[in-house]
Number of protein chains: 2
Amino acid sequence: MSPTSRIRLVDVAAAANVSKQTVSRVVTGSADVAEHTREHVLAVIARLGYRPSASARTLCHGRSYTLAVVGLDFGFLSTELYQGAAQQAQALGYSLLLKTLAKPDTTSVEQLLLGLTDMHIDGVLWAIPDAYDRCDWINSNLLARINIPVVFLSTAPRAGIVTVSFDNLDGARLAMQHLISLGRRRIAHISGPLAWWVARERVRAWRLALQEAGLEAPESYLAEGDWTPVSGERAMAQLLDRSLDFDAVFVSNDRMALGALLTAHRRGLRIPQDVAVIGFDNILESASFYPPLTTVSQNKRQHGELAAATLIRNVAARFGGAANASSPLPALTHSLIARESTAPIPPSGA
Amino acid sequence: MSPTSRIRLVDVAAAANVSKQTVSRVVTGSADVAEHTREHVLAVIARLGYRPSASARTLCHGRSYTLAVVGLDFGFLSTELYQGAAQQAQALGYSLLLKTLAKPDTTSVEQLLLGLTDMHIDGVLWAIPDAYDRCDWINSNLLARINIPVVFLSTAPRAGIVTVSFDNLDGARLAMQHLISLGRRRIAHISGPLAWWVARERVRAWRLALQEAGLEAPESYLAEGDWTPVSGERAMAQLLDRSLDFDAVFVSNDRMALGALLTAHRRGLRIPQDVAVIGFDNILESASFYPPLTTVSQNKRQHGELAAATLIRNVAARFGGAANASSPLPALTHSLIARESTAPIPPSGA
DNA sequence: AATAGAATTGTTCCCGGGAACGGTTTGTTA
DNA sequence: TAACAAACCGTTCCCGGGAACAATTCTATT
């Protein structure tokens, strides 16, 4: 296509009869360049269609204006989170690299992170959920060695790391208070895998809310799922098999709630009359469940945006960037979406 | 941390008492290096912890071993597709950049693609669905100008572009044949937005299958949705309001099928006895719909993998890479997942 | 022992930009 | 009018690697 490959800074300089440094100054907008020189150079740039090479810049600045999100190879990460992070990064002049990890043991993590430093990645968004031993590597000296800002998503806070998470305790409490305010007293809980930090937080909120309301939270009212709809079916079946006579279930995510609904229908239970069901996440589908699901909304897109914005601040700080009176970043908040799967206790004998 | 920033090729060369070119040869594995020299250099590399700089390589090779996926800023793209593409890219030694586009008009597309050439991106995965005027830019000379291999996902085939898609005609026919084989004769269709190529393909398959079976496909049996669950609710309501007396619905995706089920329940229809419902996609949730949804499975992950693999072949070819007797890539195939939302026509008068 | 030829290893230059620093102008102050 | 500071522009060198080409071995023949 193009006659002789790519147009370089020097080509522009030659065509404009100035030194390449002057062209560089015009391009980067640094230092002073006489107005007429500027315009002339700009014109030549436009005429030649010159575009600066990002990799050359990366080479001499030691920074790439690129971030990496690291997620599990298989897993539940929502597209919205990726989209939010990507959009925010782009808006702030960064690109986003997508990395997946099959098995997050310390060795693989080390390989991955070293690879990222090879590419002069400026920062990392760690989107692998805090569960099992997936965060063990934090205790190694890896973080210090790679010397790149990392922001952890939905990870238990600990010293020395930056996390960006929803306050699940708060969100789950919202769900519980809703059920309690409807007059429900015997509230069961279908949790995510207890190896997950977020699942444990929600369980904790379930216990706390019941306790604060002077209600019981017996272990038999708790069933553990694995976030999938079928696990929700199973968990609901377990609860019912215990013949506990509960009048509400707080389910730790909408997907499992879907399964719980199916089991309830199959057992002839009426939702919400016999059992009120509340979910968590507010996925797109939940509005059309049968019946439409009451749930707590978590804006995943916003989560991604906030994480990216936070990371970029850290990156900028690291490169001595201006501490430009950064306005505080917004917090992530939940909201209750009341639909038909919850309702007040019907008058007894109904 | 590190005493004096990063260790370079020359540092290794100095420490090993060889020229940097020798070190380079060892690192890249190119040409012949005497065995003992190799081992010595390798040892020094390990001792110093040397790691080649990706950006320096990009600079001198003019290729970055990085691909970009371009998707819509908001949209329906599934995580699995991204994961599949990312995983496959990594397996073949490439990285994947995630780009989103808010409004895919020709100008934005041009900006985006030029930005990608600035970074020496090797290839592009175009994951913006073929709908409305989003593909108009292909007709400009942009593709030729940027001179980067592009693979289009789920886009209508046309001269001069490479596409990787499921054969929706085939998949939809699978659904239709299933319904017909169950004795269903009056089959309605809830389509995606007709501006979408994939939606039109499925409509076409609906018509063709009915025609081949000697059945009618009147326009009144067609309702258009927008892929969302609520649009499925509305579309089902429209169909029912026409009092058409259909005995099955083929819904163009599982999400809308969920909505269709909800409307059916609300109107007192029994699924599958009164109306059989079949979906498309086989999302994780559909196994726990009420009732569990019969559907046609599309493996999105595999779609991402195949797209990435295809793109990488084109990239390799473009860089004069070995035409290494490339084994043919697998095709994308659908499969029918029979569940409870479809069943044979019950004996009349049931 | 001389010499072609293969196997190794070294030198130079370039990839595309930009920081550091040096040299001119031009205008201002004493 | 000399002295001096801005404002503007140019030269040199470095970022980290690798291709092209040159130079030096070593080996096998005649």
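All figures in this text were calculated on a predicted structure; none of them were measured in a lab. The chains referred to below are lettered A, B, ... by the order of the sequence lines, with proteins before strands, and numbering in each begins at 1.
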- Message: With a 4.0 Å limit, can you tell me whether S24(B) has a side-chain N or O closer than that to the phosphate oxygens OP1/OP2 of dG18(D)?
- Response: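 S24(B) to dG18(D) OP1/OP2: side-chain N or O found under 4.0 Å.
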- Message: With a 4.0 Å cutoff (strictly under), does any side-chain N or O of T22(A) reach OP1 or OP2 of dG10(D)?
- Response: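 Answer yes for this pair, as a side-chain N or O of T22(A) is under 4.0 Å from OP1 or OP2.
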In whole angstrom, what separates [X]'s [atom1] from [N]'s [atom2]?
{"X": "M119(B)", "N": "dG17(C)", "atom1": "CE", "atom2": "P", "answer": "14 Å"}
{"X": "L9(A)", "N": "dC14(C)", "atom1": "CG", "atom2": "C1'", "answer": "15 Å"}
{"X": "Q21(B)", "N": "dA22(D)", "atom1": "CD", "atom2": "P", "answer": "15 Å"}
{"X": "H61(A)", "N": "dG16(D)", "atom1": "NE2", "atom2": "C1'", "answer": "15 Å"}
{"X": "D11(A)", "N": "dG17(C)", "atom1": "CG", "atom2": "C1'", "answer": "13 Å"}
{"X": "L59(B)", "N": "dG18(C)", "atom1": "CG", "atom2": "P", "answer": "12 Å"}
{"X": "H40(A)", "N": "dC8(D)", "atom1": "NE2", "atom2": "C1'", "answer": "16 Å"}
{"X": "H36(A)", "N": "dT26(C)", "atom1": "NE2", "atom2": "P", "answer": "11 Å"}

- Is K99(A) paired with D73(A) through a side-chain N to carboxylate O contact shorter than 4.0 Å?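 K99(A) and D73(A): not salt-bridged.
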From C-beta outward on [X], which listed nucleotide comes closest to its side chain: [options]?
{"X": "S19(B)", "options": "dG17(D), dT11(C), dC9(D)", "result": "dT11(C)"}
{"X": "R8(A)", "options": "dA19(C), dC9(D), dG17(C)", "result": "dG17(C)"}
{"X": "Y50(A)", "options": "dC9(D), dT9(C), dG17(C)", "result": "dG17(C)"}
{"X": "R57(A)", "options": "dA20(D), dC15(C), dG17(C)", "result": "dG17(C)"}

I'd like to know if [X] reaches the base of [N] with its side chain, counting only an N/O donor and acceptor under 3.5 Å.
{"X": "K20(A)", "N": "dG17(C)", "value": "yes"}
{"X": "R51(A)", "N": "dG16(C)", "value": "no"}
{"X": "R25(B)", "N": "dG17(D)", "value": "no"}

Give [X] one of three labels, base, sugar-phosphate or nothing, depending on what nucleic acid heavy atoms sit under 4.0 Å from its own.
{"X": "V27(B)", "answer": "nothing"}
{"X": "T37(A)", "answer": "sugar-phosphate"}
{"X": "V33(B)", "answer": "sugar-phosphate"}
{"X": "T28(A)", "answer": "sugar-phosphate"}

- Query: Does a side chain donor of either S55(B) or T58(B) reach within less than 3.5 Å of an acceptor in the other side chain?
  - Reply: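 Looking only at side-chain atoms, T58(B) and S55(B) do not form any donor-acceptor pair under 3.5 Å.
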- Query: Y94(A) vs Y65(A) aromatic rings, parallel, tilted or perpendicular, using cut-offs 30° and 60°?
  - Reply: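 Tilted: the ring planes of Y94(A) and Y65(A) meet at 30° to 60°.
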- Going through the checks in order, is the side-chain contact (heavy atoms from CB on, under 4.5 Å) test met by V162(A) and V150(A)? CA-CA 7 Å; V162(A) 178; V150(A) 180; over 6 Å; no
- So T100(B) and F74(B), side-chain contact (heavy atoms from CB on, under 4.5 Å) or not? Walk me through it. CA-CA 8 Å; T100(B) 65; F74(B) 286 85; over 6 Å; no
- Query: D118(B): what forms a side-chain hydrogen bond (donor to acceptor under 3.5 Å, both in side chains) with it, not counting sequence neighbours?
  - Reply: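 With sequence neighbours excluded, D118(B) shows a side-chain hydrogen bond (donor to acceptor under 3.5 Å, both in side chains) to R51(A), given in chain and number order.
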- E35(B) or H120(B), whichever maps to the more 5' nucleotide of DNA chain C: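 Its nucleotide being nearer the 5' end, the pick is E35(B).
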